[in-house]
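Here is the structure we will look at, set down as structure tokens.
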Amino acid sequence: MPCSSIETSNNFCGGGDGGDVNGRIHNFKLNEHTFLASLMPKKEIGADRFIEAHPHYDGRGAVIAIFDSGVDPAASGLQLTSDGKPKILDVIDCTGSGDVDTSKVVKADKDGRIQGASGASLVVNSSWKNPSGEWHVGYKLIYELFTDTLTSRIKKERKRKWDEKNQEEIAKAVLHLDEFDQKYTKVEDPKLKRAREDLQNRIDLLKKQGDSYDDKGPVIDAVVWHDGELWRVALDTQSLHDDRKCGKLADFVPLTNYRIEQKYGIFSELDACTFVVNVYDEGNILSIVTDCSPHATHVAGIATAFHPQEPLLNGVAPGAQIISCKIGDTRLGSMETGTGLTRALIAAVEHKCDLINMSYGEPALLPDYGRFVDLVNEVVNKYRLIFVSSAGNSGPALSTVGAPGGTSSSIIGVGAYVSPAMAAGAHSVVEPPPEGLEYTWSSRGPTADGDLGVCISAPGGAVAPVPTWTLQGRMLMNGTSMASPSACGGIALLISAMKAEGIPVSPYSVRIALENTSIPVGGLPEDKLTAGQGLMQVDKAYEYIQKSQDLSCVCYQIKVNQSGKSTPISRGIYLREATACQQSTEWAVHVEPRFHDDASKLEQLVPFEECIELRSSNNAVVRAPEYLLLTHNGRTFKLVNILHYLYEIVDPSNLADGLHYYEVYGIDCKAPWRGPLFRIPITITKPKAVLNRPPLVSFSKMSFLPGHIERRYIEVPLGASWVEATMRTSGFDTSRRFFVDTVQLCPLRRPIKWESVVTFSSPTAKSFDFPVVGGQTMELAIAQFWSSGMGSHETTIVDFEIVFHGIGVNRTEVVLDGSEAPIRIEAEALLASERLAPTATLNKIRVPYRPTEAKLCTLPTNRDKLPSGKQILALTLTYLFKLEDGAEVKPHIPLLNNRIYDTKFESQFYMISDTNKRVYAMGDCYPASSQLPKGEYSLRLYLRHDNVQYLEKMKQLVLFLERNLEEKDVIPLNFFSEPDGPVMGNGTFKYSILVPGIKESFYLSPPNKDKLPKCSSQGSVLLGAISHGKLSYAGEGKNPQKNPVSYQISYVVPPSKIDEDKGKGSSSASTKPMAERLQEEIREAKIKVFGSLKQDSDEDRSEWKKLAQSLKSEYPKYTPLLVKILESLLSRSNIGDKIHYYEKCLVEVFPFILFCALLPCNSSRLLNVANLNYLQRYNVIISAADEVIDSIDADELAKLFSLKADPEDEDSEKNKKKMETTRDHLAEALYQKGLALAEIESIKGEKPSALAASEAVSSDLRSDLFEENFKELTKWVDVKSSKYGTLYVLRERRFGRLGTALKVLNDMIQDDGEPPKKKFYEMKLSLLDEIGWNHLSTYERQWMHVRFPPSLPLF
């Protein structure tokens, strides 16, 4: 995620400037010049001095790739460089979040019209060149391109306008109802009652729609074509404008790939959102690129903005150019993805960038590990790119640096510094600090493997440009996200100078120059863990580079392992645990010279030889050899370096408790001015042992001023599992803000961090509780926020008390295997007496799935071609699942989840969609829970890698779907003191007092099988938590997760019990003779075969008709046969499905009738010919339905239903089921007959003469038949149900009661309980158009693109 935060204060005031960069400053005051300069800090790193001395080395010739959330090319200061060149060379969406599928190709008609992918009719501009005549079309929901903030603003404005229109329609509807009431004072006639009900329904519908309004946003159509030279793009954005004359496709000025013409567009004045386009895969993929947050534009502004009218607000390197590589995925908010990171690296190499800035990062399991790190190493070592990244914002505790910036050797990790001028100007602090310092939240080293973590520091706040859609020009943000581009801009100045002076650019030489010329921040050795080598100085680094330009470009890889142990290999020495700090240890350090991949073997590798003097910052603690000779091995076949082993002795035994930092560094004997060529960091955190019982440790009278940090290291006693702490403050008047962090490190785990930000408005005490790991050193870091209490001049006194608690158990994570046997748990208190009160619940279910389909393909575009030339492959796995009820589900892939940087797999992305292709959820390595309604779903998982063997192994990847159980389904588990307790029901265990040295045991009972949720199938796993102790100040509670420490508990669902009633009665003897039973079997077989016959051709239909007549003759009035005939007729009607074919006619046939009605009189024959075939079909359907109806004795059926069946009588139950089947056949026939009657009436509504003459039945009689048929149907079924409600809607529509028709239709949609049926919504649109509610029909049409997209979106 981005490593920054936004400060909303717009008031800039404060004091002045004076003194040196980091020196103590007194009587600080600002003037206008220094105030503006403080908003974009450059003095702190010497950039202003450097440009003043070298005005043409202002970044010119340097190209920076901004790996971030996407840069707005329209933002202030990002159009031109200081020498007039385009500032932004390219804008790329590396995530695919803006991709549009434009693989559909259409041709224009004679009027220049094409049908867009959204279904809209679009007019292309006749001046656009398109030699092939082929137009690629696609569409995009505009909110998919906007940030959440922008979407919220647009929704608010659109809702206001929509409400105005809705209120107008409500006022009209109320007026009509009022007029009706005035006209009819007494409403007793049923028809009048229904008419009034219809008017009231209209009002209710409008009000309800206003309450349930959920704007999914407008749809924009995209058209892509090749003009003979370039791929061109045009968008139709009419839906974004109130004036429908604006935003037409033909008025759009075509764009092409941004890097070709550097042109961009803006969707509309309302959103003010800038976008660019890129076309891939021969026009089949269009990428519409927008930013997913202001973060990247702000970052780019810090690094390179150029403001000729206000040079004090220039970025650090106003002459540099950039490419924007969007790695933050809009679909995920702004989270980076593996796909985005890999494509960004590809783009940086393709554009021959000099620098990469990445102000993103996440915690990592392993430092300097993973596929992205491997690719970065290649980019840095082979292509000489300098990679700069933020260290993270997780301070002030140690070992909080994030990946990749703070954990990767090839990346320059940057910490965040704040100067007095920045505090006074940008942050509006009344009284700035006397000297510069690191921001409190800036992440600290070392890494888990001992590397320093932070390389250098740079200003971590600025007022910089932001995107136009924010409706402001600049904004204050702070974070290591801001420090990184400040450093990157400073390095761009160096590259500008190096290129101008012909000095070879190398990340190795630049990095050593930065490190060896930085100004230390703080006066203690351990301050390097906070600020790295210090605050970078551009001018000093430039002098260093000039002086060392003739030296070899080499870096030194450090590998350290403890003598006698081959693993783990680390990059420094980190003695953190108590046992490591009690005795002297010997370490083997491997120093490996590394050259760039293109280094000349004869000219660089062979002659390389350096005499290194080794120095220790404290020989009493760390001893090393005095000298080391480094050479390259001279082999000509491959680059293999000689590993030089030096042995260090580290003796921390005599050190005081607390933090200690040392270095062993190598100096070139021939050129000591170069400073350290390499450093071996040694961090020792000697913990305080807790020996008293009960185990309590307190730290008294700690004094705090703004920015001060107190660190304490405690050896957590074995047996401790949680802490109860109290923080007391005193000695201050104004409020104080504190960061309280604890960190523990365990092998192959991310740092275990607990944190709290506490504000004390007055002296008081606050309590905390948090889990700990016994036997591991815990750092307690307490920091007064850097700006808290400034101006008060009062010292805050803090007393901090920690009490350790713990209950040790023999099973932390409990697995119940599905049997009836309980699990024995043994508990003991090792530290002090504890109350043992176990609690356990199962509140989640996890169901395993294997993919039903696996598709492996080679990605077709160059954006997925690695610099090595390898093309990336993609594996798409499809998982199918069904939810019987609505639920909140979360995908879980144990192999891949929760890792972005520290994984060897490139990326993962999933989409969950229903049978209509509507996407309900998207996610990547951090899956989130999503609410899904009842229905069938598919989850598509997308994996990428260039190694096909890895992907082949993933084709049967197991995925779990995890869902939270409803509160009523949560299963509390019971505890017993006896092994037979779960069965016998006695010996319940509730609580006990554990005494140190005495163990106690109890049994955890598996859940009662009858209590298992109905969604739990065999092989699924019920999950929950179990806790054993409670806080000393907490009351009784049944939720284990609310206790300070809880562990996972799982229950494997066993096979379901055998249904004892299953199969009973299935083979009861029949009383019918064998010959009769044989004839029945033959009859049913004939009907089954008859129903499966195809009717694709005229010959097939003719044969089908003959067979139907033959079977009817053989089995007269046999209802199942007649039902099958009716079904067959409906299936070949080409109007719709066998039940709901009428809805399509509402949308397609009615407009045609209206068109014909508008024709001249002599065109009426066209209407007759077009609809005669429909009339014939409907009459055939009516006849078939009548045959079904006549075959059923309705009176007898009604009598049978009036009799109550005996559920114990098997024959009675069979008869009941048979009656229900017959009833369903009757209802279906009546329903289909009603639809056919209504359609005939609709077609004859215009009463053309030829049709009237051809029909023997009058229109009035038809109407009577419809009503009679409808009333008969109401006797048997609920005509308002989703199955039969269409006929009810149609009936209300016939009588002009459109409000009632809409109400019934809405109820049908609501009660359907299945994925939405498109036919219902098309019918709803037809009714809305007919009633004249245009604002509602527009709203529903936008929703249609969400509910029923034509295809699934691209990954």
How close do [X] and [Y] get, heavy atom to heavy atom, and via which atoms?
| X | Y | result |
| --- | --- | --- |
| Ile825 | Ile1026 | CD1-CD1, 3.9 Å |
| Thr777 | Arg576 | OG1-O, 2.7 Å |
| Ala1025 | Ile1049 | N-CG2, 3.3 Å |
| Pro652 | Ile684 | CB-CD1, 3.9 Å |
| Ala397 | Val743 | CB-CG2, 3.6 Å |
| Val1021 | Ser1050 | CG1-CB, 3.6 Å |

I'd like to know if the side chain of [X] reaches the main chain of [Y], judged simply by a donor and an acceptor atom lying under 3.5 Å from each other, with no hydrogens or angles considered.
| X | Y | answer |
| --- | --- | --- |
| Gln744 | Gln776 | yes |
| Ser443 | Ser394 | yes |
| Thr988 | Phe976 | no |
| Thr903 | Gly370 | no |
| Lys1011 | Ile971 | no |
| Thr878 | Thr852 | no |
| Thr839 | Ser1027 | no |

Around atom [atom1] of [X], are there more than 12 heavy atoms from other residues, nucleotides or ligands closer than 6.0 Å?
| X | atom1 | value |
| --- | --- | --- |
| Arg749 | CZ | no |
| Lys955 | NZ | yes |
| Gln956 | CD | yes |
| Phe881 | CZ | yes |
| Lys1009 | NZ | yes |

Under the side chain to side chain donor-acceptor pair (under 3.5 Å) test, which residues partner [X], sequence neighbours left out?
| X | value |
| --- | --- |
| Lys766 | none |
| Asn810 | none |
| Asp969 | none |
| Glu966 | none |

So, Ser399 versus Tyr574: side-chain donor-acceptor pair below 3.5 Å or not?
yes
Just checking, is any N or O donor in the side chain of Ser653 or Gln583 under 3.5 Å from an acceptor N or O on the other one?
no
Pairs meeting criterion side-chain hydrogen bond (donor to acceptor under 3.5 Å, both in side chains) with involvement of [range], two or more places apart:
| range | answer |
| --- | --- |
| residues 990-1008 | Arg824-Ser1001, Glu826-Lys999, Ser992-Glu1000 |
| residues 1013-1022 | Asp885-Lys1014 |
| residues 709-719 | His708-Glu710, Glu710-Arg712, Arg711-Glu779, Tyr713-Glu779 |

For residues [X] and [Y], determine if any side-chain heavy atom of one lies less than 4.5 Å from a side-chain heavy atom of the other.
| X | Y | value |
| --- | --- | --- |
| Glu936 | Leu880 | no |
| Pro694 | Val803 | no |
| Arg811 | Tyr1047 | no |
| Leu994 | Glu828 | no |
| Asn1043 | Trp722 | no |
| Val740 | Phe800 | yes |
| Leu957 | Gln908 | no |
| Asp741 | Thr400 | no |

Euclidean distance, [Y] [atom2] relative to [X] [atom1], rounded to 0.5 Å:
| X | Y | atom1 | atom2 | value |
| --- | --- | --- | --- | --- |
| Gln931 | Asn964 | CD | CG | 9.5 Å |
| Tyr920 | Ile912 | OH | CD1 | 11.5 Å |
| Leu332 | Phe909 | CG | CZ | 4.5 Å |
| Arg693 | Leu831 | CZ | CG | 5.0 Å |
| Leu748 | Leu366 | CG | CG | 5.5 Å |
| Phe738 | Phe760 | CZ | CZ | 7.0 Å |

Name all pairs fulfilling the salt bridge (Lys or Arg N to Asp or Glu O under 4.0 Å) condition that reach into residues 840-849, sequence neighbours left out, sorted by first residue then second.
Lys844-Glu962, Arg846-Glu962
Centre of Tyr369's six-membered ring, under 6.0 Å away, within 45 degrees of the axis: is that where NZ or CZ of Lys904 sits?
yes
For [X], enumerate each residue passing the ring pair (Phe, Tyr, Trp, His ring centres under 6.0 Å) test, keeping only those at least two apart in sequence or located in another chain.
| X | value |
| --- | --- |
| His660 | none |
| Phe1002 | Phe975, Phe989 |
| Tyr879 | none |
| Phe768 | Trp754 |

Considering only NZ, NE, NH1 and NH2 on the basic side and carboxylate oxygens on the acidic side, decide whether Arg571 and Asp451 come within less than 4.0 Å.
yes
Residues Glu362, Arg899: salt bridge by 4.0 Å N-O rule:
no
So His945 and Arg371, side chain to side chain contact (heavy atoms under 4.5 Å, CB included) or not? Walk me through it.
CA-CA 10 Å; His945 208 282; Arg371 176 167 170 78; 3.5 Å; yes
Tell me, with the steps shown, if Tyr901 and Phe372 meet ring-ring contact (aromatic ring centres under 6.0 Å, His included).
CA-CA 6 Å; Tyr901 298 103; Phe372 180 69; 5.7 Å; yes
Run the side chain to side chain contact (heavy atoms under 4.5 Å, CB included) test on Asp799 and Phe699 for me, step by step, so that the C-alpha distance in whole Å, both residues' side-chain angles and the decisive distance to 0.1 Å come before the verdict.
CA-CA 6 Å; Asp799 297 315; Phe699 305 103; over 6 Å; no
Identified side chain to side chain contact (heavy atoms under 4.5 Å, CB included) counterpart of Leu973 within the set Pro1007, Pro1006, Pro822:
Pro1007
